[in-house]
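None of these values were measured; they are calculated from a predicted model. We name chains A, B, ... by the order of the sequence lines, and we start the count at 1 in each one.
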Amino acid sequence: MPELPEVEIAGRNLVRWLHGRRVVKAEAEDTRVFRGAKRAKFSALTGRLESLERRGKYLLLTFEGGRGLLAHLGMTGKFVHRPGGVAELHSRARFFLDDGTVIHFKDARLFGRMEPVAAARLRQLKAVQALGRDPLVDGLTPEQLREALGRTRQDLKVALMDQGRVAGVGNIYAAEALFLAGLHPARKPASLKPEEWARLSQAILDTFASALAAEQGEEPVYLEESGSENTFRVYGRADSPCTQCGARVQSFTQGGRTTYFCPKCQPKRSRGRKR
DNA sequence: TGACCCCTGGCC
DNA sequence: GGCCAGGGGTCA
């Protein structure tokens, strides 16, 4: 399931696959992925891809002729590039290219979103306007992170996952970044010291950077898909020994989602960190 | 802020 | 057979 790094890779793949090629036909299934948007509008997404931008977990695509597409992968969405004439399980929309290949948008659970809209309106869409700072696009200094999270009374991890504060951090990378920073997920943002903001902003950037470096594959594999392996430091490791200190990793529910953390590496009380 | 909803599939 | 899942949206 895609968070910022996976969406970034999806965008890079699309750009690569469409480079120097044209979409000769676009077609979509009648699914809730299109949120009531007219399928005919999707069919109009032909020609060259003029630009592609990622904001948080959203992709903003502009095709020639001023036609745009807002895409969100949801929990199980992905783009794949296939030879023509190959059926693809859960394919919800397809771009047929002038070299005979096909780009499928697959989505088993239909939590994804594909919204054809005039390119000029892409950035004005409410979903895009509501996004907070994107760490990779806009940068993320300790001060900017504190500015984005510091005034809420939500738990630190819940605030981190709020797309209106920082865009692109989901459940997995929130857990990973907090572990890297040595911060308990239930800390209150107001209690963080300057050095803790610094550790956290750096941890977010590092977590994304290493995920991006590891995911330079042709095709994304999400955790929980068959054949996938848990390479995360704490995420999904409840009751297993911490990869850093050996203490038992714990989990609890926070904001409706499961949080994983190491009680020893991420103490509830603020404390200096050994170096 | 929290509860529930949308869906299907994989795992125990 | 039941539980769980990394997304967001909406409602009270």
Side-chain angles (χ1 to χ4, degrees), chain A residues 1-11 29-37 54-60 70-79 88-93 104-115 125-132 134 149 151-179 185-186 188-190 204 207-208 210-212 214-215 220-240 249 251-261:
Chain A
M1 324 304 151
E3 299 184 29
L4 185 148
E6 291 75 24
V7 178
E8 174 71 23
I9 294 291
E29 310 289 326
D30 187 13
T31 71
R32 61 178 232 105
V33 164
F34 295 92
R35 300 291 194 284
R54 183 192 54 72
R55 301 292 313 184
K57 300 172 195 169
Y58 285 93
L59 291 174
L60 287 61
L70 179 73
H72 193 294
L73 303 180
M75 302 240 283
T76 51
K78 61 167 67 175
F79 289 102
E88 193 63 33
L89 191 65
H90 299 136
S91 175
R92 311 300 186 186
H104 295 263
F105 174 68
K106 305 176 57 164
D107 189 1
R109 283 172 71 184
L110 299 172
F111 283 6
R113 174 170 168 185
M114 301 283 266
E115 196 172 333
L125 292 175
K126 212 165 83 181
V128 177
Q129 287 278 308
L131 292 173
D134 182 301
L149 305 189
R151 275 191 295 267
T152 178
R153 295 177 61 196
Q154 292 175 312
D155 284 358
L156 185 55
K157 175 176 172 263
V158 174
L160 257 187
M161 288 175 59
D162 182 340
Q163 302 302 299
R165 300 181 182 282
V166 176
V169 183
N171 202 31
I172 293 184
Y173 293 110
E176 295 294 289
L178 287 168
F179 175 78
K188 296 296 178 187
I204 293 168
T207 304
F208 283 159
S210 58
L212 276 174
E215 289 178 25
V221 177
Y222 301 147
L223 189 60
E224 283 177 9
E225 284 185 332
S226 52
S228 71
E229 194 183 334
N230 184 355
T231 56
F232 300 109
R233 294 176 175 89
V234 279
Y235 181 83
R237 296 192 181 278
D239 298 330
S240 297
V249 171
S251 68
F252 66 106
T253 301
Q254 209 176 11
R257 300 237 145 79
T258 308
T259 292
Y260 301 88
F261 75 105

Nearest-angstrom distance from the residue atom CG of A:Leu4 to P of C:dG8:
11 Å
Could you tell me whether A:Lys106 and A:Glu88 make a salt bridge, using a distance below 4.0 angstrom between a side-chain N and a carboxylate O?
yes
Euclidean distance, atom NZ of residue A:Lys157 to atom P of B:dT1 [Å, nearest integer]
15 Å
In whole angstrom, give the distance that lies between atom CG of A:Asn171 and atom C1' of C:dA5.
10 Å
Residue list, salt bridge (Lys or Arg N to Asp or Glu O under 4.0 Å) with A:Arg151, at least two apart or on another chain:
A:Glu147
Side chain of A:Gln154 - closest among C:dG9, C:dG7, B:dT1
B:dT1
For A:Phe261, check ring pair (Phe, Tyr, Trp, His ring centres under 6.0 Å) against everything at least two apart and list the hits.
A:His184, A:Phe252
Whole-Å distance, A:Leu156 CG to B:dT1 P, equals 14 Å
Pairing residues for A:Phe111 by the ring pair (Phe, Tyr, Trp, His ring centres under 6.0 Å) criterion, not counting sequence neighbours:
none
In this structure, how many angstroms lie between the C1' atom of B:dT1 and the CG atom of A:Asp162, rounded?
12 Å
Would you name the heavy atoms of A:Ala71 and A:Met114 that are closest together and state the gap between them?
CB-SD, 3.7 Å
Could you tell me the separation between the CG atom of A:Asp107 and the P atom of C:dA5, rounded to a whole number of Å?
19 Å
Taking atom C1' in both B:dC6 and C:dG1, what distance in whole Å separates the two?
22 Å
Partners passing salt bridge (Lys or Arg N to Asp or Glu O under 4.0 Å) against A:Glu8 (at least two apart in sequence or in another chain):
A:Arg12, A:Arg54
Partners passing side-chain hydrogen bond (donor to acceptor under 3.5 Å, both in side chains) against A:Lys157 (at least two apart in sequence or in another chain)
A:Asn171, A:Thr259
For A:Asp30, salt bridge (Lys or Arg N to Asp or Glu O under 4.0 Å) partners two or more places apart:
none
Partner residues of A:Tyr173 under the side-chain hydrogen bond (donor to acceptor under 3.5 Å, both in side chains) criterion, sequence neighbours left out
A:Glu6, A:Glu215
Let me spell it out: for each of A:Tyr260 and A:Gln163, pick the nucleotide of DNA chain C with the closest heavy atom. Which residue's pick is nearer the 5' end?
A:Tyr260
Rounded distance (Å) that lies between atom P of B:dT1 and atom CG of A:Asp155:
9 Å
What is the distance from atom CZ of A:Phe79 to atom CD1 of A:Ile9, rounded to the nearest 0.5 Å?
14.0 Å
Please name all residues satisfying side-chain hydrogen bond (donor to acceptor under 3.5 Å, both in side chains) with A:His104, sequence neighbours left out, ordered by chain then number.
A:Ser91
Report the distance from atom CE of A:Met161 to atom P of C:dA5, rounded to the nearest whole Å.
11 Å
Under 3.5 Å for both pairing distances: what stems, at least three Watson-Crick or G-U pairs long, include DNA chain C?
B:1-6 with C:7-12, B:8-12 with C:1-5
Restricting to nitrogen or oxygen on both sides, can you table the protein-nucleotides 5-8 of chain B pairs closer than 3.5 Å?
from	atom 1	to	atom 2	distance (Å)
B:dC6	O2	A:Arg32	NH2	3.4
B:dC7	O2	A:Arg109	NE	2.9

Pairs: protein N or O with nucleotides 1-3 of chain C N or O, under 3.5 Å:
none

I'd like to check the side-chain hydrogen bond (donor to acceptor under 3.5 Å, both in side chains) partners of A:Thr207; sequence neighbours left out, ordered by chain and number.
none
Between A:Thr258 and A:Ala127, who's closer to the 5' end of DNA chain C by nearest nucleotide?
A:Thr258
